[in-house]
Amino acid sequence: MANFSKSRVPQFSVDVYQNEYLPEGGREVNAIVTVTSTGGGTSGAAALLAGAGASPAYIPGGQVPGAPSAAVVIMVDCSGSMEYPPAKMRNAREATAAAVDTLRDGVTFAVVSGTHQAKEVYPGNGRLATANQVTRAQAKEALYELTAGGGTAISTWLRLADQLLARADAPIRHGILLTDGRNEHESPKHLQNALEACAGRFTCDARGVGTDWDVKEVTGIASALLGTADIVADPGGLAADFTQMMEKAMGKEVADVALRLWTPVGVETKFVKQVAPAVEDLTGRRTEVGPRAGDYPTGSWGDESRDYHVCVRVPEAGIGQEMLAARVSLVRPDPSGGTPQTLSQGLVRAVWTDDVAASTSINPQVAHYTGQAELAHVIQQGLNARKSGDFDGATAKLGRAVQLAVASGNADTAKLLSKVVDVVDATTGTVRLKAKVAEADEMTLETRSTKTVRVKK
């Protein structure tokens with residue numbers, strides 16, 4: 001296989017969607033910031049061909065030989081519960097083998113067995129292996145060491161992954177974590193401390209297999225480490241899911257990208273949220289970088305587009321006045337330690353007017369994503385109410401969720417909701433709670449509640 005590890009750097013663009021007009025005395029400014037990265041070389045055909053063992057002399061817009069661009073650690077739950085049903089451990093081994101097969105040549109990697117302690121299964125001795133035909137075969141042979149037994153202490157898995165990835169001379173550092181149970185053999189504080197220590201050092205996708213794991217634990221891991229979370233209710237689906245996860249990881253080109261928000265004197269930042277492809281509140285993750293400027297982490301990027309909702313509060317001003325309310329930039333660290341590189345930027349404006357039609361108009365993108373954020377919130381509220389026995393509250397919240405999902409065209413979420421409630425009238429949000437709900441269906445809805453759809457053009 002050819003080594004296609006170095007790629008063209010993607011180009012970033014920033015587009016701002018807002019209604020800049022405020023009435024007299026108006027102070028709140030909302031904007032949707034769409035960030036798009038294009039032109040990288042490892043996503044799409046390049047990654048798929050490389051992962052499949054192809055050796056193309058040239059891939060359009062693609063790879064040229066160079067230093068490893070990525071390092072990956074796969075963490076596999078090997079606690080005792082992975083024995084039940086017996087096929088679960090076999091499915092986990094097959095999924096890990098599929099992920100290993102998807103690694104590009106030149107990517108460094110390791111496989112970790114996770115129980116109440118973490119153990120490096122391959123290559124061992126605190127090292128990372130460099131992916132090629134030989135090491136992939138060796139790794140798959142070593143997977144027979146993945147056997148079930150012991151407890152679950154996920155903090156030890158993450159800390160070992162962090163130690164391994166810290167040795168990698170690669171900009172993209174990524175983990176994949178699979179668990180089938182609750183983190184019962186350590187305190188929640190141990191896991192929280194590990195997540196805080198690992199945040200910003202590597203990204204991590206987390207998956208729960210079966211239905212005996214804790215949704216908030218798994219989604220919390222992915223959220224803290226800027227990855228994705230999902231359920232694989234049927235262990236037989238693990239291989240396909242792991243392959244897709246690794247393909248996406250191989251498509252990442254630029255690491256440690258931050259959304260930088262600068263505001264003028266007197267402007268207050270209310271919140272910054274990612275709103276597509278999933279809702280993620282970044283407000284509390286701000287790092288101050290200078291006078292009136294702060295960075296919000298966005299993780300690693302390949303060829304993709306994401307949307308962010310920025311809300312600021314400006315000083316009062318008179319009719320006819322206008323101001324720059326905020327400047328949004330995409331930045332990444334300079335490898336030599338110099339001034340961070342600005343990849344792209346956009347401006348958020350405020351203009352005061354006595355035109356009632358202009359000042360009361362809601363920008364379609366802002367309206368859409370406000371609804372999507374509410375959708376994620378009311379699903380969580382509804383499921384919590386249902387679990388606590390507040391069936392009236394659950395019916396009201398989940399009914400509102402159905403109404404929002406249908407109105408925004410979020411068909412996937414609407415379908416998941418229909419497995420928890422009987423929909424009488426989607427337009428009005430009239431529903432009845434189902435008497436019996438499969439645990440997998442409820443967990444799937446909870447896990448995927450933050451996934452959004454893009455605004456209709």
Side-chain angles (χ1 to χ4, degrees), residues 30 32 182 206-220 222-223 228-234 237 241 271 273-281 306-309 311 362-457:
N30 289 274
I32 298 299
R182 291 171 171 80
R207 295 294 184 268
V209 59
T211 57
D212 293 328
W213 48 280
D214 187 282
V215 172
K216 288 181 172 57
E217 280 181 354
V218 171
T219 56
S223 174
T228 64
D230 207 350
I231 179 175
V232 185
D234 179 1
D241 187 77
F271 63 78
K273 299 177 183 178
Q274 178 185 284
V275 288
V279 176
E280 188 68 58
D281 194 345
R306 306 179 199 170
D307 293 332
Y308 298 87
H309 186 171
C311 180
I362 300 177
N363 177 270
Q365 280 87 348
V366 172
H368 175 81
Y369 286 122
T370 299
Q372 292 288 283
E374 184 189 354
L375 171 60
H377 185 57
V378 294
I379 287 174
Q380 291 294 327
Q381 288 183 316
L383 291 177
N384 289 339
R386 185 179 179 277
K387 291 174 186 176
S388 68
D390 178 9
F391 300 123
D392 288 342
T395 301
K397 294 298 183 182
L398 294 174
R400 175 60 175 159
V402 168
Q403 186 181 35
L404 289 166
V406 171
S408 64
N410 196 330
D412 288 342
T413 299
K415 184 177 180 180
L416 294 175
L417 283 162
S418 70
K419 295 183 178 182
V420 177
V421 297
D422 291 316
V423 180
V424 178
D425 187 334
T427 304
T428 61
T430 305
V431 302
R432 288 190 297 266
L433 294 183
K434 288 183 180 292
K436 292 184 178 181
V437 177
E439 191 170 15
D441 289 336
E442 184 173 2
M443 291 178 69
T444 301
L445 175 61
E446 184 176 2
T447 306
R448 298 179 183 172
S449 62
T450 60
K451 296 184 185 298
T452 58
V453 291
R454 305 302 292 270
V455 64
K456 297 175 183 178
K457 299 298 182 182

Let me see the working for Asp212 and Arg182 under salt bridge (Lys or Arg N to Asp or Glu O under 4.0 Å), right down to the final yes or no. CA-CA 7 Å; Asp212 293 328; Arg182 291 171 171 80; 5.3 Å; no
Using atom types as modelled and distance alone, determine if a side-chain donor or acceptor of Gln274 lies under 3.5 Å from a backbone N or O of Tyr308. no
Nearest 0.5 angstrom please: Lys273 NZ to Thr370 OG1, how far? 8.0 Å
Testing the basics here: between Val275 and His309, what is the closest heavy-atom pair and its distance to 0.1 Å? CG1-CB, 3.8 Å
What pair of heavy atoms forms the shortest contact from Val453 to Ser408, and how long is it? CG2-O, 3.7 Å
Tell me, with the steps shown, if Asp412 and Arg448 meet side chain to side chain contact (heavy atoms under 4.5 Å, CB included). CA-CA 9 Å; Asp412 288 342; Arg448 298 179 183 172; over 6 Å; no
Ignoring hydrogens and angles, state whether a donor on the side chain of Glu280 or Thr450 is under 3.5 Å from an acceptor on the partner side chain. no
Mind listing the closest non-hydrogen atom pair of Met443 and Trp213 along with its distance? CE-O, 3.4 Å
Side chain to side chain contact (heavy atoms under 4.5 Å, CB included) between His368 and Ile32, worked out: CA-CA 10 Å; His368 175 81; Ile32 298 299; over 6 Å; no
Below 4.5 Å, heavy atoms only, C-beta onward: do Thr447 and Thr219 meet side chain to side chain? yes
Leu445 side chain reached by Lys419 side chain, heavy atoms, under 4.5 Å: no
How long is the straight-line distance from OG1 of Thr395 back to CZ of Arg432, given to the nearest 0.5 Å? 10.5 Å
According to salt bridge (Lys or Arg N to Asp or Glu O under 4.0 Å), who are the partners of Glu374, at least two apart in sequence or on a separate chain? Arg400
Measure the CG-CG distance between Asp422 and Leu433 for me, rounded to the nearest 0.5 Å. 9.0 Å
Identify the two heavy atoms, one from Gly382 and one from Ala394, that lie closest to each other, and give their separation to 0.1 Å. O-CB, 3.4 Å
Supply the atom-to-atom distance Gln403 CD to Leu417 CG, rounded to the nearest 0.5 angstrom. 12.0 Å
Please identify which of these residues, Ile379, Leu398, Val431, meets the side-chain contact (heavy atoms from CB on, under 4.5 Å) condition with Val420. Leu398
CG on Asp390 to CG on Asn384, rounded to 0.5 Å: 10.5 Å
Using salt bridge (Lys or Arg N to Asp or Glu O under 4.0 Å) as the criterion, list what pairs up with Glu446, not counting sequence neighbours. Lys216, Lys387
Minimum heavy-atom separation for Arg454 to Ala276, with atom names? CD-CB, 3.8 Å
Quick check on side-chain contact (heavy atoms from CB on, under 4.5 Å): which of Asp307, Thr413, Thr452 does Gln372 satisfy it with? Thr452
Quick check: are there more than 12 heavy atoms from other residues, nucleotides or ligands sitting under 6.0 Å from NZ of Lys451? yes
Gap between atom OG1 of Thr444 and atom CD of Glu439 - 0.5 Å precision: 10.5 Å
Any idea which heavy atoms bring Arg207 and Asp241 closest together, and the distance? NE-OD2, 2.8 Å
Can you find a pair of side-chain heavy atoms, one from Phe271 and one from Asn30, that are under 4.5 Å apart? yes
